[in-house]
Trainee: 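Below are the structure tokens for one structure; questions will follow.
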Amino acid sequence: MLERTVQIVSNERDTDLYFRLVMRAPEMARDAQPGQFVHLRVAAMRDALLRRPFSIYQARGDTLSVLYKSVGKGTDVLARMGPGEELSLIGPLGHGFTLPKAGGETPLLVAGGYGMAAMYMLAERSPQRGIVFAGGRRRVDILCEDEFQKLGWDVRVTTEDGSYGEKGLVTHPLIAELRRSAAGRKLFACGPTPMLKAVGKIAEEFKVPAELSMDEHMCCGVGVCLTCVIPVKTTDGWEYQRTCTEGPVFDASEVMWEMPK
Amino acid sequence: MLERTVQIVSNERDTDLYFRLVMRAPEMARDAQPGQFVHLRVAAMRDALLRRPFSIYQARGDTLSVLYKSVGKGTDVLARMGPGEELSLIGPLGHGFTLPKAGGETPLLVAGGYGMAAMYMLAERSPQRGIVFAGGRRRVDILCEDEFQKLGWDVRVTTEDGSYGEKGLVTHPLIAELRRSAAGRKLFACGPTPMLKAVGKIAEEFKVPAELSMDEHMCCGVGVCLTCVIPVKTTDGWEYQRTCTEGPVFDASEVMWEMPK
Amino acid sequence: MNLSVKLGSLTLQNPVMVASGTFGYGVEYSRLLDLNQLGAVVVKGIRLGPVRGNPTPRTVEVASGLINAIGLQGPGVDGFIKKYWPFLSALKVPTIINIWGTTVEEYAEVARRFDALGGVGGLELNVSCPNIKEGGAQFGTDVKLLAGVVRACRKATKLPLITKLSPNVVSIAPYAQAAEAEGSDALAITNSFPAMAIDIATRRPKLANVTGGLTGPCIKPIAIKLVWEAAKAVKIPIIGMGGIESAADAIDFLMAGATAVAVGTANFYEPQTVLQVIAGLREFMQQRGIDDVRKLVGSVQVAK
Amino acid sequence: MNLSVKLGSLTLQNPVMVASGTFGYGVEYSRLLDLNQLGAVVVKGIRLGPVRGNPTPRTVEVASGLINAIGLQGPGVDGFIKKYWPFLSALKVPTIINIWGTTVEEYAEVARRFDALGGVGGLELNVSCPNIKEGGAQFGTDVKLLAGVVRACRKATKLPLITKLSPNVVSIAPYAQAAEAEGSDALAITNSFPAMAIDIATRRPKLANVTGGLTGPCIKPIAIKLVWEAAKAVKIPIIGMGGIESAADAIDFLMAGATAVAVGTANFYEPQTVLQVIAGLREFMQQRGIDDVRKLVGSVQVAK
Ligand SMILES: Cc1cc2nc3c(=O)[nH]c(=O)nc-3n(C[C@H](O)[C@H](O)[C@H](O)COP(=O)(O)OP(=O)(O)OC[C@H]3O[C@@H](n4cnc5c(N)ncnc54)[C@H](O)[C@@H]3O)c2cc1C
Ligand SMILES: Cc1cc2nc3c(=O)[nH]c(=O)nc-3n(C[C@H](O)[C@H](O)[C@H](O)COP(=O)(O)OP(=O)(O)OC[C@H]3O[C@@H](n4cnc5c(N)ncnc54)[C@H](O)[C@@H]3O)c2cc1C
Ligand SMILES: Cc1cc2nc3c(=O)[nH]c(=O)nc-3n(C[C@H](O)[C@H](O)[C@H](O)COP(=O)(O)O)c2cc1C
Ligand SMILES: Cc1cc2nc3c(=O)[nH]c(=O)nc-3n(C[C@H](O)[C@H](O)[C@H](O)COP(=O)(O)O)c2cc1C
Ligand code: FES
Ligand code: FES
């Protein structure tokens, strides 16, 4: 974990909603692991005081990249920044994915929207290839398809509006695939909470292991404020754990989807 | 008085401290009078919620210009804006200078720093030429010298550090000039409060009329908040008057330099 | 679609008003916007006689806010009637007059004067001024003093009476209830928060008055909480204010329990705010098929 | 140049600390900055037993601020000692422990436990928690309850005792004086302000707990005013906090009357803030030839 003022190398539109931000951050790039994130300070705006968390998408040589969707105040300002401008970054943060082992379980990656970013780094670093289930609402929400394919992954696309790939939810082809064969496979997922929940239930049903990158609102990003907690099963009941520190990646079997009474 | 979203035509550095901002604002440009100002909203920054007042420097055809010094949060952001970007403007505001009449008193203009902006418009519109006393701390604080000369005014420069023109305060050559001849002359001044006060005293001493553009902190700029008041002599004592509405230009004889008890 | 709401016997065409002291006497902004679109115009605080107000500097900008210590500069009842009433009384929308005094008697006298004037939409009691007779406690932070002021004004006038509460209390409920019990037709929440700023270069307070009142977006979350608390405690309508600069902000206040809202500090940096709020409120209701703005009032859903 | 100040018997190498709840237990930020540079580390509030805290969402960003309703999640005294004390006790700078309870007895018991631990720099009483026995009034908004808590803790420990006052009062002076009279060595001013935010799209409060505490730059002008008022009322030192994000902010608090300051919410968005404040304070003093930071304390010049 480091804090650095970094320079933007490039910040370009990917689809009409998403941007690829490349920053010069050699030390963080060196340390980054799939599933980890950076905590980024955009500007001292009135309504956006806090840093924003973004999964690390690529770490290559001196540069670190994120893939972000412009959804609000902070990402709006970010999208208007350009090469040479500076940002403050804390990272790499959090507990990432367990890297699949060569000859181990076959990884099935499930990604929704910007969840593709974290999945890409995992796909790239995994010594073993598998299948990527990429889902989104519309065609523009499908990111990095080519890049996954170039890495030798089998990409199955779904969109909710049917504008690209199979029409429906990303979990449909996943279930079909697991019905064909579940043994020796492991799920890795990153995306919106309803998707994660569905993947968790599917893992339980098919008795396959699963790691989920949880999407919770964050404030400090480093474990001090206790904003980002989720209830996690423990040997003697449950406790709140920090998504930014104990997570964002949790074992699906630990995650409690309903708040305990 | 109008409120308009206007586009920046240009926003260029003049000296290393000052910028010339030209905006497309046809209606305001048409109505503007020397000594009036515009109230400009820069951005929704955390520490700069309010609009900033700037004297109208030029109003030509469709465009309205101001000459500003980058001194703080708002002007800092403004200085980084470029052509095509938008600003919100309220103006023209305030009660400006009485235009000298052809064949009337000879105008002696006294300007300090950005006070040159308001003076320029007066110099341009005045049917009668006279002398401009331009003062500043350093050479970079002397603005528009050429432009005043092109209009046919006699420009007398002073700088406090002697880096340009006569060394000393702008009031020195003014006093010298009035000693030579005070009759039939009228002072017009815009600049920092100590300068205005000195000019006010000089006018009293030499028994010449003077109009001063008062520099007070403003909030609403349109007369509702009562932030910008100064004590003004009235027939039966004194009252607080609004710099943004009854001013910024006041007759020197009305201004009270010490707060009444 | 119904946007109109009632404050006692006063009907507003829509629930969006302006906050006292941030809109002068109406006439100033009338060149930038059509006042007849507003729910009501609320004028700067007026006492019996003219008031010079505090020395300058009177305001200072802070993070997402403004501190002011104007000192209630104003023309007094006669000056106001002479100078501003002809303009205001010709408007189609009601004028609410914010009044104050340093004794209960002065409040009542001012109320009587405006009652006699005719055509006034309502009176808003600004109780954040020191009571001189009782030794300088604020009317607004002492339940008994507050009750006394409201009682006296209630006797002095039949005009709709709005009590504008001070936020500077442990719990706002007893103050809200006292005002209601004494016959106030509505509450206005909130006034500004006691605050201070220092110029470290000169070591002097940034305001000549040393302290002032904090307003603007920075106070909104506290104001929402106060409105929510008060709405649970009383039945009379509440006018919510504190940092409103958009329709979303106004809807926050309505959902928290306000029946109407007022735009204050935002007028200074964006005079169109009040019209934008009205348009945005209408749009919000249209989009969600809400046919009556009163359905928004107090509609925040809090799990039990 | 002297930067050191005293809080009772506790000497700080410089007056810049961190605020409870915004710096975890020190260890988390130790990878980003050298804790031994600070005046003191102040840890998150601890009661006798472990606390799960509130459901999420627990924080929401607002204009120049943050509302939080963490619900004092924590490991309890034993959990804290086991998990964090080895790290903290090895630091060269003092650790101040923020403690709370729901009864006077619990406060005293927690104080006793930390007194017995040895090596603790001081205890900070967080009195913004409801008193269960007395029917839920906050310790911090009832002078008598407050006095009782301080008295009981004073009896339970010889450790430097800091009373952290609630801002939610009509006047802070009587609370400051009560804490002083009962033997508090210092005051911390201010805790967060009761606040609320609503999501108008879902009509739900933005916090699961409905209301929370407002902190950050938005509260600074109110906090400065509170420190200034309290400093006039007591002789014991005050730790000023509320929205500090620069040396200039810290100096504001010192000039208003604080002997030390704490950085809170700013840690979340800029963990280097506390070091920047120390460096900036030193630079300010150097530039002006001020040889002792205590000369800044209460140095604001208010014309009489
Ligand atoms: C561990 C982690 C990794 C993430 N990785 C990525 C990524 O790789 N690419 C990407 O585009 N986004 C990612 N996000 C989400 C990203 O942080 C938010 O989109 C961003 O903070 C929104 O900032 P804003 O100022 O633009 O939006 P705001 O104006 O603050 O909010 C706009 C909308 O975004 C929602 N939002 C705010 N914060 C979050 C959050 N933490 N999670 C989900 N929704 C939020 C708000 O509720 C609101 O609806 C990640 C979030 C987490 C927790
Ligand atoms: C009627 C009028 C006409 C003006 N015309 C011009 C002009 O033509 N060109 C120009 O450069 N400036 C002009 N000013 C001053 C200009 O408004 C301020 O410089 C500007 O508001 C500073 O904004 P900021 O956010 O950059 O500074 P801030 O960060 O707000 O403050 C930086 C410094 O500027 C000072 N300051 C802030 N507001 C004012 C003010 N109203 N007057 C003087 N000092 C202030 C502050 O006290 C502080 O010391 C005029 C002011 C008035 C009242
Ligand atoms: C400059 C200024 C002057 C004010 N004058 C008065 C006043 O005369 N009477 C009053 O009751 N409130 C007065 N207020 C308080 C406002 O009416 C309002 O309650 C407060 O500003 C909160 O709303 P806001 O945050 O939207 O500004 C004043 C506020 C400001 C900023
Ligand atoms: C997330 C969060 C948690 C906090 N937890 C505590 C706490 O446990 N005990 C306490 O006394 N104050 C707590 N506070 C209050 C701070 O210590 C401090 O008084 C307040 O945040 C004001 O300072 P700031 O504006 O610099 O943040 C907390 C504040 C925040 C933001
Ligand atoms: S975001 Fe602060 S603890 Fe996780
Ligand atoms: S700036 Fe508001 S009255 Fe002049």
Side-chain angles (χ1 to χ4, degrees), chain A residues 1-5 27 31 39-53 72-74 87-94 193 214-232 234 236-246 256 258-261, chain D residues 18-33 41 43-45 50-75 79 197 206-208 212 215-218 243 245-246 264-273 275:
Chain A
M1 186 204 306
L2 295 164
E3 178 171 3
R4 290 288 180 269
T5 298
E27 302 141 292
D31 297 348
H39 214 28
L40 191 152
R41 185 152 189 222
V42 179
M45 285 179 301
R46 201 135 72 73
D47 296 324
L49 210 57
L50 300 174
R51 287 170 183 267
R52 292 348 197 197
K73 299 175 288 272
L87 290 167
S88 167
L89 224 57
I90 300 180
L93 292 171
T193 305
M214 302 297 289
D215 188 12
E216 285 296 320
H217 277 247
M218 287 183 182
C219 171
C220 71
V222 302
V224 307
C225 75
L226 306 175
T227 289
C228 63
V229 298
I230 58 166
V232 167
T234 57
D236 53 349
W238 68 276
E239 65 181 22
Y240 276 124
Q241 288 188 5
R242 298 164 298 183
T243 305
C244 69
T245 309
E246 283 83 40
M256 300 176 77
E258 262 80 55
M259 259 304 288
K261 290 273 138 76
Chain D
V18 289
S20 174
T22 67
F23 210 75
Y25 304 97
V27 60
E28 299 86 351
Y29 276 127
S30 65
R31 296 170 65 189
L32 293 181
L33 50 114
V41 170
V43 301
K44 171 86 189 150
V51 182
R52 274 201 176 118
N54 292 328
T56 57
R58 285 177 168 189
T59 60
V60 52
E61 195 181 45
V62 292
S64 298
L66 180 76
I67 319 179
N68 89 81
I70 305 299
L72 289 157
Q73 178 175 337
K206 285 191 178 172
L207 295 172
T215 64
C218 58
E245 52 178 14
S246 69
T265 306
N267 293 311
F268 298 153
Y269 50 92
E270 185 41 75
Q272 306 302 326
T273 304
L275 298 187

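Naming convention: chains lettered A, B, ... in sequence-line order (proteins, then strands); numbering from 1 in each chain.
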Trainee: Distance check, rounded to the nearest 0.5 Å: D:Y29 atom OH versus A:M1 atom CE?
Mentor: 9.0 Å
Trainee: Measure D:N267 against the heavy atoms of chain A and call it side chain, backbone, both or neither at under 4.5 Å.
Mentor: neither
Trainee: Determine the option with the most heavy-atom pairs under 4.5 angstrom with chain A, choosing from D:P55, D:G21, D:G26, D:P57.
Mentor: D:P55
Trainee: Specify the closest pair of heavy atoms between A:L50 and D:E61, including all atoms of both residues, with the distance to one decimal.
Mentor: N-OE2, 2.8 Å
Trainee: Determine the minimum heavy-atom distance between D:K44 and A:L226, stating which atoms define it.
Mentor: CE-CD1, 4.4 Å
Trainee: Are A:L49 and D:L66 side-chain neighbours, meaning at least one heavy-atom pair lies under 4.5 Å?
Mentor: no
Trainee: Given that the side chain runs from C-beta out, which part of D:T22 has a heavy atom under 4.5 Å from chain A: side chain, backbone, both or neither?
Mentor: backbone
Trainee: A:R4: which residues meet the side chain to side chain donor-acceptor pair (under 3.5 Å) condition with it, sequence neighbours left out?
Mentor: A:E27
Trainee: Could you tell me which residues satisfy salt bridge (charged side-chain N to carboxylate O under 4.0 Å, His left out) with A:E216, sequence neighbours excluded, listed by chain and number?
Mentor: none
Trainee: Nearest 0.5 angstrom please: D:R58 CZ to A:C225 SG, how far?
Mentor: 9.0 Å
Trainee: If you look at every heavy atom in D:T59 and A:C219, which pair is closest and at what distance?
Mentor: OG1-CB, 4.1 Å
Trainee: Among A:H39, A:M259, A:R52, A:H217, which has the most heavy-atom pairs under 4.5 Å with chain D?
Mentor: A:R52
Trainee: Measuring from A:C220:SG to D:Y269:OH, what's the distance to the nearest 0.5 Å?
Mentor: 14.0 Å
Trainee: Taking all non-hydrogen atoms of both residues into account, name the closest pair between A:E3 and D:L32 and its distance.
Mentor: N-CD2, 3.6 Å
Trainee: Would you name the heavy atoms of A:I90 and D:P271 that are closest together and state the gap between them?
Mentor: CD1-CG, 3.4 Å
Trainee: Heavy atoms only, distances under 4.5 angstrom: which of D:R31, D:Q272, D:E28, D:R52 has the most pairs with chain A? Name it, please.
Mentor: D:R52
Trainee: Closest approach of D:T56 and A:Y240, non-hydrogen atoms and distance?
Mentor: N-OH, 4.5 Å
Trainee: Heavy-atom distance under 4.5 Å to chain D: side chain of A:S88, backbone, both or neither?
Mentor: side chain
